[in-house]
Each structure stands twice: as structure tokens, then as C-alpha cells.
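These numbers were taken from a predicted model, which means no experiment stands behind them. In this chain, residues are counted from 1 in sequence order.
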Amino acid sequence: MNNLIRFFVLILGVCAAVGLASSCSEDTDCSLEGRRMIYCKFYTIDPDDNTVLKDTLDSLTITALGTDSIILNNQKSVSLVSLPLRFTSDTTVFVFHYDYVRRPLYTDTLYVVHGNTPYFQSVECGYLMEQDIRKASSSKVEFDSLYISQIAAQSYETENIKLFFHYRD
């Protein structure tokens, strides 16, 4: 009889521990959603046959205008960047700083006008922000042109903007 009571208490304790552990785990993982970004891939157009080629920059630093934020710091061999859009404004301005051996420091500016729409995700996660590109433009130092290929900012690497650079030999 004593063994039966001990076995019953042991089973009850294991069930309580499993129930407690499962009640503490959350069904929603807010970190999976993450901060949505816009993704820019780099291209150039070969002037000989007008083919679009993927481009890679030797050295790139990106800052957000009007802040002390450094988004990318002297990154080497860059062909894709993820850029955060501001929540508090409908315009985000990025400054691209290039450092080429044969030239002094050059900069380009990418202007992105976007919509910010808050939405309720869940009690655990609270509100998140949907952002979509309304318009984009740039200076023309190293940038040749740009094309918006996807307007919605995403949590995964879906290309939003194709940035075309002047052709370099």
C-alpha cells in the first residue's frame, strides 16, 4: 500500500511538472515577426549590350540622415542591404558612403517615402507596424537609377528596391 501511494504521488508530481512547464510556454513567439525592413539589391547595366548585372560594392557605410544611427559600418563586398524605415515619420533618408581607392569619399542619398500602419498582433506581442514604400528617389553620384520591385517591408529578404549604379570597369 505504501508503494502504491508513493507511485501515485510520483505520477501526480510528474503530471504537475509537465502541466506547469507547458502553461509557461507561449504559443506566440514575437521574435519570429521581427522588425520589418526594406531590402535593396545592387545592380549595374553593361553599356555595351544593356544587360543587367549584379553589382557588389567594395566598401560601404550607410547612415540614417538626422540621427546618429549607423546602419552599416564599412562593410566589404556588399550586394544586398536591409534598411529599417522610421516609425515616427513617413520619410526615411539613408546616406550611402563609399570609400574607393582611386577617389575620395563619395556619398549618395536614398529618399524613401512610406506609409506606417500600426496593427494589433496579439496580447503578448502588442502592436507592430506595417510599412509600405510609396515613393523612392535618390541623388545621382554613384546611383544611376532605382526601381521599386516590392512595396511592402518584410521580415525576410524579399527585394524591395533595385539600386542601379553607374557602370564601373
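Taking the side chain as every heavy atom from C-beta outward, Phe94 and Leu72 never approach each other to under 4.5 Å. For the pair Thr109 and Phe96, the minimum side-chain heavy-atom distance is 4.5 Å or more. At a threshold of 4.5 Å between non-hydrogen side-chain atoms, the residues Val81 and Leu60 count as touching. Residues Val112 and Leu85 meet the side-chain proximity criterion, which asks for heavy atoms closer than 4.5 Å. Residues Ile133 and Ile38 form a side-chain contact, since some pair of their non-hydrogen atoms from C-beta on lies under 4.5 Å apart. Between Asp55 and Ser79 the shortest side-chain heavy-atom distance does not fall below 4.5 Å. Residues Ile45 and Asn50 are in side-chain contact: their nearest non-hydrogen atoms beyond the backbone lie under 4.5 Å apart. No side-chain heavy atom of Val93 sits less than 4.5 Å from a side-chain heavy atom of Leu110.
The side-chain hydrogen bond (donor to acceptor under 3.5 Å, both in side chains) contacts involving residues 81-96 comprise Thr92-His114, where partners must be two or more places apart or lie in separate chains.
For Phe165 and Phe143, the ring centers are positioned less than 6.0 Å apart.
Contact between Gln121 and Cys125 at its shortest, heavy atoms only, is CG-CB, 3.7 Å. Of all non-hydrogen atoms in Cys40 and Leu83, the two that sit nearest each other are SG-CD1, 3.8 Å. Across all non-hydrogen atoms, the minimal contact from Gln131 to Asn116 is NE2-OD1, 2.8 Å.
Between the side chain of Ser149 and the main chain of Glu159, a donor-acceptor pair closer than 3.5 Å is present. Side-chain N or O atoms of Thr51 include none that pairs as donor or acceptor with a backbone N or O of Asp46 at under 3.5 Å.
The hydrophobic clustering, which links ILVMFWY residues whose side-chain heavy atoms are closer than 4.5 Å, places Tyr106 and Leu57 together. In terms of hydrophobic clustering, with Ile, Leu, Val, Met, Phe, Trp and Tyr side chains grouped at heavy-atom distances under 4.5 Å, Ile151 and Phe87 are assigned to different clusters. Hydrophobic clustering keeps Ile62 apart from Met37 (ILVMFWY residues linked when any side-chain heavy atoms are closer than 4.5 Å, directly or through intermediates). Using a 4.5 Å cut-off between side-chain heavy atoms of Ile, Leu, Val, Met, Phe, Trp and Tyr, with links allowed through other members, Tyr39 and Met129 fall into different hydrophobic clusters.
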Next on the checklist: Test side-chain contact (heavy atoms from CB on, under 4.5 Å) on Phe42 and Leu80; report intermediate values, then the result.
Outcome noted: CA-CA 6 Å; Phe42 302 154; Leu80 166 75; over 6 Å; no

Next on the checklist: Apply ring pair (Phe, Tyr, Trp, His ring centres under 6.0 Å) to residues Tyr43 and Phe164 and explain how you reach the verdict.
Outcome noted: CA-CA 5 Å; Tyr43 299 91; Phe164 291 92; 5.7 Å; yes

Item to check | Step-by-step side-chain contact (heavy atoms from CB on, under 4.5 Å) determination, Asp144 to Leu163 | outcome: CA-CA 8 Å; Asp144 177 62; Leu163 285 173; over 6 Å; no

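For Arg36 and Tyr156, the positive end is not near the middle of the six-membered ring at less than 6.0 Å and at most 45° from its axis.
Shown here are the side-chain contact (heavy atoms from CB on, under 4.5 Å) partners of Lys76, two or more places apart in sequence or in another chain: Ser59, Asn74.
The environment of Tyr147 atom OH is sparse: at most 12 non-hydrogen atoms of other residues, nucleotides or ligands sit within 6.0 angstrom. For NZ of Lys135, the number of neighbouring non-hydrogen atoms (other residues, nucleotides, ligands) closer than 6.0 Å is 12 at most.
Side chains of Tyr98 and Asp108: a donor-acceptor N/O pair is present below 3.5 angstrom, by distance only. A donor atom on one side chain and an acceptor atom on the other are found under 3.5 Å apart for Thr63 and His97. Side-chain contact check for Asn160 and Gln150: no donor-acceptor pair (N or O, by modelled atom type) lies under 3.5 Å.
Distance check: Lys41 NZ to Thr56 OG1 gives 11.5 Å after rounding to the nearest 0.5 Å.
Using cut-offs of 30° and 60° for the angle between ring planes, the Phe120 and Tyr127 rings count as perpendicular.
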